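Working notes, beginning with the structure itself.
Note that the structure is predicted; figures quoted are calculated from it, not measured. FYI, side chains are in, hydrogens and waters are out, and symmetry mates aren't considered; it's all heavy atoms of this structure.
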Amino acid sequence: MRKGLVYYTDGRLEQRLFDLVVAQLRRCANGMEIVSVYPGAGAVPGILQMHRQIIEGLETSTANVVFLCEHDVFYSPSHFAFTPLCEDTFYYNVNVWHVRWPDGYAVAWDDCQQVSGLCASRELLLDYYRQRIMQIEHEGFNRHYEPGLKQTVGGQRVENWRSEYPNLDIRHGGNLTPSKWSPADFRNPQYAKG
């Protein structure tokens, strides 16, 4: 089983932060293939563009298993030590802290399932994202980013896992999703547990 990384960016990250994240990702890859996807000329940042970049990276990758990697997450080497057990399952690393740039204020909550912590079979991811883009183009975006959770397009399975050390999701003010710094920031308080 060959593991690889698909790294995608909207190109709007502060250069110093971009350099830190990329350097850490290279250290963590430990010989795994890294496919980097940058926005094309005239690309409009947003969820549809992000999905298209993920597909481009997945189509370019030669790995059997892919970790999706976002430009504003500082990954722990222990994140990439994980190996999926099943080809029909999306695996979410829920050991993640959200860190405010540049002051370092940080929060975490249980079961934080997000695309930046996703690992799965390349074919499963390709199937999902191809269907999801068609769905968004026909019905519009419905706020759900994560494959296999609230938004399924094929009834896939989902499992959570925890890396030995957390990934740090850097909240820099230009993130695609809003930051949550207290339980009041959650639409449903049950998701703020932990």
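Within the 4.5 Å cutoff, no side-chain heavy atoms of W161 are placed close to those of V94. In this structure, L125 and I54 have side chains that are not in contact, with every pair of non-hydrogen atoms separated by 4.5 Å or more. Within the 4.5 Å cutoff, the side chain of P45 has no heavy atoms near those of the M50 side chain. Side chains of V6 and F67 form no contact here, defined as non-hydrogen atoms less than 4.5 Å apart. At least one side-chain heavy atom of D127 sits less than 4.5 Å from a side-chain heavy atom of Q131. Between L168 and V73 the shortest side-chain heavy-atom distance does not fall below 4.5 Å. Between E56 and Y8 the shortest side-chain heavy-atom distance does not fall below 4.5 Å. Two residues are said to be in side-chain contact when any heavy atoms from C-beta on lie closer than 4.5 Å; P77 and C28 meet this criterion.
Residue V96 comes nearest to A108 through the heavy atom pair O-CB, 3.5 Å, listed as atom of the first residue, atom of the second, then distance. Of all heavy-atom pairs spanning F74 and V21, the tightest one is CD1-CA, 4.4 Å. Nearest heavy atom pair, residue L124 against residue A120, reads CD2-CB, 4.3 Å. The two residues M134 and H138 make their nearest non-hydrogen contact at O-ND1, 2.7 Å.
Between H172 and H71, the ring-plane angle classifies as perpendicular under the 30° and 60° cut-offs.
V158 and Y129 fall within the same hydrophobic cluster, defined by Ile, Leu, Val, Met, Phe, Trp and Tyr side-chain heavy atoms under 4.5 Å apart, directly or through other members. Hydrophobic clustering (side-chain heavy atoms under 4.5 Å, transitive across Ile, Leu, Val, Met, Phe, Trp, Tyr) groups L48 together with Y128. There is no path of hydrophobic side-chain contacts, each under 4.5 Å, that joins Y91 to V115. Hydrophobic cluster membership is shared by Y7 and F80, with clusters built from Ile, Leu, Val, Met, Phe, Trp and Tyr side chains linked at under 4.5 angstrom. Cluster membership for L118 and W97, using ILVMFWY side-chain heavy atoms within less than 4.5 angstrom, is not shared.
Within the structure, the salt bridge (charged side-chain N to carboxylate O under 4.0 Å, His left out) test picks out the following pairs touching residues 57-66 (sequence neighbours left out): E59-R130. For residues 94-116, every residue pair satisfying the salt bridge (charged side-chain N to carboxylate O under 4.0 Å, His left out) rule, not counting sequence neighbours, is listed here: R100-D103. Among residue pairs with one or both ends in residues 36-51, none qualify as salt bridge (charged side-chain N to carboxylate O under 4.0 Å, His left out); sequence neighbours excluded.
The aromatic ring centroids of W181 and Y105 lie less than 6.0 Å from each other. Between W109 and H98, a ring centre-to-centre spacing shorter than 6.0 Å is recorded.
Side-chain contact of D72 with N175: a donor-acceptor pair under 3.5 Å is present, judged by distance alone. In summary, the side chains of Q49 and D10 do not present any donor paired with an acceptor at a separation below 3.5 Å, with no hydrogens or angles considered. Side-chain polar atoms of S61 and R2 form no donor-acceptor pair below 3.5 angstrom. Between the side chains of Y92 and Q114, no donor-acceptor pair of N or O atoms lies under 3.5 Å.
In terms of the side chain to side chain contact (heavy atoms under 4.5 Å, CB included) criterion, residue partners of A23 (sequence neighbours excluded) are, by chain and number, R27.
Rounding to the nearest 0.5 angstrom, the gap separating the OG atom in S121 from the CG atom in L126 is 8.5 Å. Here the CG-CH2 distance, from D169 to W101, works out to 13.5 Å after rounding to the nearest 0.5 Å. Once rounded to the nearest 0.5 Å, the distance linking CD of E164 with CG of N95 reads 9.5 Å. We find the CD1-CZ distance between I170 and F18 to be 14.5 Å, quoted to the nearest 0.5 Å. Residue I47 holds its CD1 atom at 9.0 Å from OG1 of T177, rounded to the nearest 0.5 Å. Once rounded to the nearest 0.5 Å, the distance linking OG1 of T60 with CD1 of I55 reads 11.5 Å.
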Practice item. Using the side chain to side chain donor-acceptor pair (under 3.5 Å) rule, take E33 and T62 through it: C-alpha gap first, then chi angles, then the decisive distance, then the call. Key: CA-CA 8 Å; E33 169 189 74; T62 61; 2.8 Å; yes
Exercise for review: Quick one: do L5 and V35 satisfy side chain to side chain contact (heavy atoms under 4.5 Å, CB included)? Show the steps, please.
Suggested key: CA-CA 6 Å; L5 290 63; V35 174; over 6 Å; no
**Study point:** Verdict with reasoning, Q135 to R132, per side chain to side chain donor-acceptor pair (under 3.5 Å)
**Key:** CA-CA 5 Å; Q135 187 180 49; R132 183 68 169 128; 3.0 Å; yes
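Not one N or O on the side chain of R122 forms a donor-acceptor pair closer than 3.5 Å with the backbone of V66. With hydrogens and angles ignored, the 3.5 Å screen pairs no side-chain donor or acceptor of H79 with any backbone N or O of Y75. Under the 3.5 Å distance criterion, the side-chain polar atoms of S78 are left unmatched by any main-chain donor or acceptor of S163.
Heavy-atom neighbours of Y38 OH from other residues, nucleotides or ligands within 6.0 Å: above the threshold of 12.
The hydrophobic cluster containing M1, built from Ile/Leu/Val/Met/Phe/Trp/Tyr side-chain heavy atoms closer than 4.5 Å, also comprises V65.
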Determine all donor-acceptor pairs shorter than 3.5 Å in which one atom belongs to a side chain in residues 82-90; sequence neighbours excluded.
from, atom 1, to, atom 2, distance (Å)
T83, OG1, K3, NZ, 3.2
T89, OG1, R157, NE, 3.0
T89, OG1, R157, NH2, 3.3

